[in-house]
There are 2 protein chains.
Amino acid sequence: MPNALVRKLEGYAPLEVSDRERLLNVCEKTAVVEADRYITRAGDSPKDVVVILEGLAVRSKLLRDGRRQILAFLVAGDFCDLHVAVLDRMDHDILAIMPCTVARISRNAVQEMTETRPRLAKALWWCTLVDEATLREWLVNLGQRDAEQRIAHLFCELQTRLQAVELTTDGSFGLPITQDELGDAMGLSAVHVNRSLKALRDAGLVSFRGRTIHIPDIERLQNFADFDPSYLHLRHGPEAESPVPLLRQA
Amino acid sequence: MPNALVRKLEGYAPLEVSDRERLLNVCEKTAVVEADRYITRAGDSPKDVVVILEGLAVRSKLLRDGRRQILAFLVAGDFCDLHVAVLDRMDHDILAIMPCTVARISRNAVQEMTETRPRLAKALWWCTLVDEATLREWLVNLGQRDAEQRIAHLFCELQTRLQAVELTTDGSFGLPITQDELGDAMGLSAVHVNRSLKALRDAGLVSFRGRTIHIPDIERLQNFADFDPSYLHLRHGPEAESPVPLLRQA
DNA sequence: CGAGGAATTGAGAAACTTCAACCGTGGTGG
DNA sequence: CCACCACGGTTGAAGTTTCTCAATTCCTCG
């Protein structure tokens, strides 16, 4: 199975064969983190850069009173902390939601790659900037959209990102999270998440089989959620780069 | 008047004299952007990197239905788009809220600075990462806090950031924005912003004189808002007892 | 089969929005 | 110099969204 990181980076720009080999080489030594284990904690000063090769993790921040906000879902191919090389310490946690296969890349290796391989350097920059753009889009999501649109938007994002690393089949992908976790990501209570999911289901916008999500008509869901994939800056438009029609219905 | 960018970067790590001179040099050619004018538009591929030297601007994203989310307030010393060098085009707008003095630094100059001046390079990285950390904190803010805490948290952040560039006097700083704009930043309606401000005022947590904000007891407000300045990664704790050479006026 | 976690549902309360009216102020033109 | 206008702030009232609490069902796993 080809490496998710390679697939992701090639979704941004073509790599040279030697770049690809270097990446595979650097991802060779892997480890597995069990579900519900922290990959990194706030306050850590991680020595290595961690990449998720398989599984699902979240970036999250805990408040003093115990509430938490999930800031991002990390899927295969995603870096946990590419940046923190520069800052002193992590200001948030990385938590495995399901068992994750991760590779730890030493900072030296990262530095060597970025200094000697301009394409790779650019691709890594891309990752950082897409992470930031995604954060902005989440802010729009929490600030401006109601619960149903919010969740729909997340599903659109995940569908697009997982498709980029070839982890979707048809309009389906696995998302083994609880409604509680979904609530922590969307700034909603679990109960309200539940009701909103029901509404989305009843509207025929999404369906669930076990813990996999099926989107019967992606364009319709994107339209409902006002989802515009351009913030993910993928090279191949996910598919429909047609100008999307306006607004949503009830 | 010493350059806000220099002050800000020195809030992260000490610079060498020649670094400071280079920065001042590169900020020499300034321009003024009037209030309510865009500095950059979504879709642009700006050639230069823009720094705000004076004034107030916002990073914002417009939805198709006309609503908008303000993603960040940009104050003196802040970069508008340090990053976008790498990506193809802006995915959001930068809008001057009050008249802004800006410097446009060519990408070449940025590149030259980062390649030949490690301290400067690190300081610029720092800016990018703090921007990202701030975005994360905003996400927590919108996702987890109610209106009053949310606004209080923003005031704490601005107080801290403005203090870092010596733009506060006592617990006061100017913030010439409308309640409507504040609502767009906080994901709230202008009416609710108004009521929340009233509540904060009645609680004695903040007061307003014209368009300047006064925080009588910063620690109390921080406590109310659950504000922890560490995400801003300032070198000296925001509390001002550090040995900073004080050189400034109004 | 039983236990525990997760999903679902109902009901009442709280937070927030919308609409609409009104106030205050600063700027402009007569 | 004043009348008026426009815009932003303020307030009330009613409606909607979301939350909390609590009970119940469903599912998975041991």
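The analysis underlying the following values was restricted to heavy atoms, covering all of them including side chains, and did not include hydrogens, waters or symmetry mates.
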Atom pairs under 3.5 Å: protein N/O with N/O of nucleotides 5-7 of chain C:
| residue | atom | partner | partner atom | Å |
| --- | --- | --- | --- | --- |
| C:dA7 | OP2 | A:Q179 | N | 2.9 |

Taking the side chain as every heavy atom from C-beta outward, state whether A:R68 and B:V140 have any pair of such atoms under 4.5 Å apart.
no
When we call it a touch if two heavy atoms are under 4.0 Å apart, what does B:A147 touch: a base, just sugar-phosphate, or nothing?
sugar-phosphate
Validation: residues 69-79 of chain A side-chain donor-acceptor distances under 3.5 Å, sequence neighbours left out:
| residue | atom | partner | partner atom | Å |
| --- | --- | --- | --- | --- |
| A:Q69 | OE1 | B:Q144 | NE2 | 2.8 |
| A:Q69 | NE2 | A:D184 | O | 3.2 |
| A:Q69 | NE2 | A:A185 | O | 2.9 |
| A:D78 | OD1 | A:K8 | NZ | 2.7 |
| A:D78 | OD2 | A:V75 | N | 2.8 |
| A:D78 | OD2 | A:R161 | NH2 | 2.7 |

Separation of atom CG in A:D146 from atom C1' in D:dG15, rounded to whole Å
15 Å
Could I get the full list of salt bridge (Lys or Arg N to Asp or Glu O under 4.0 Å) partners for A:E34, not counting sequence neighbours?
A:R37
Atom CG of A:L188 to atom C1' of C:dA14: distance rounded to whole Å?
16 Å
Between the side chain of B:D146 and the main-chain N/O of B:Q149, is any donor-acceptor distance below 3.5 Å?
yes
Could you give the NE2-to-P distance, from A:H192 to C:dA14, as a whole number of Å?
18 Å
Contacts of A:R209 meeting salt bridge (Lys or Arg N to Asp or Glu O under 4.0 Å) (sequence neighbours excluded), chain-then-number -> none
Can you measure B:L142 atom CG to D:dT17 atom P for me and round it to whole angstrom units?
20 Å
N/O contacts under 3.5 Å, protein versus nucleotides 19-26 of chain C?
none

Considering only heavy atoms from C-beta outward, does the side chain of A:Q222 approach that of A:I215 to under 4.5 Å?
no
Set of residues satisfying side chain to side chain contact (heavy atoms under 4.5 Å, CB included) with respect to A:P99, sequence neighbours excluded
A:A35
Can any side-chain N or O of B:R89 pair as donor or acceptor with the backbone N or O of B:A42 at less than 3.5 Å?
no
Stepwise side chain to side chain contact (heavy atoms under 4.5 Å, CB included) test for B:L154 and B:L182:
CA-CA 10 Å; B:L154 174 68; B:L182 192 48; 3.4 Å; yes
Taking B:V33 as the fixed residue, which of B:I94, B:T101, B:V102, B:V50 is the one that meets the side chain to side chain contact (heavy atoms under 4.5 Å, CB included) rule?
B:V102
Please list residues of residues 62-73 of chain A whose heavy atoms come under 4.0 Å from any atom in DNA chain C, ordered by number; otherwise none.
none
Using a 4.0 Å heavy-atom cut-off across all strands, classify B:G210 as base, sugar-phosphate, or nothing.
nothing
Between A:N3 (side chain only) and A:L5 (backbone N and O only), is there a donor and an acceptor less than 3.5 Å apart?
yes
Does A:H92 have any ring-ring contact (aromatic ring centres under 6.0 Å, His included) partners at least two apart in sequence or in another chain, and if so, which?
none
Pairs under 3.5 angstrom only: tabulate donor-acceptor contacts from the side chains of residues 187-201 of chain B to other protein residues two or more places apart or in another chain.
| residue | atom | partner | partner atom | Å |
| --- | --- | --- | --- | --- |
| B:S189 | OG | B:H192 | N | 3.2 |
| B:N194 | ND2 | B:Q179 | OE1 | 2.9 |
| B:S196 | OG | B:H192 | O | 2.7 |
| B:K198 | NZ | B:D202 | OD2 | 3.4 |

Counting only N and O atoms by type, is there a donor-acceptor contact under 3.5 Å from the side chain of B:T178 to the main-chain atoms of B:E181?
yes
What N/O pairs connect the protein and nucleotides 27-30 of chain D at under 3.5 Å? Give each pair on its own line.
none

Over all strands shown, is A:G183 touching base, sugar-phosphate only, or nothing at heavy-atom distances under 4.0 angstrom?
nothing
So, using side chain to side chain donor-acceptor pair (under 3.5 Å) as the criterion, who are the partners of B:D93 when residues are at least two apart?
none
Round to a whole Å and report the spacing from CZ of A:R145 to C1' of C:dT17.
18 Å
Any non-hydrogen side-chain atom of A:H233 less than 4.5 Å from a side-chain atom of B:D91?
yes
Using five pairs at each end of the helix from C:dC1-D:dG30 to C:dG30-D:dC1 to define an axis, what is the angle between those two axes, to 10°?
30°
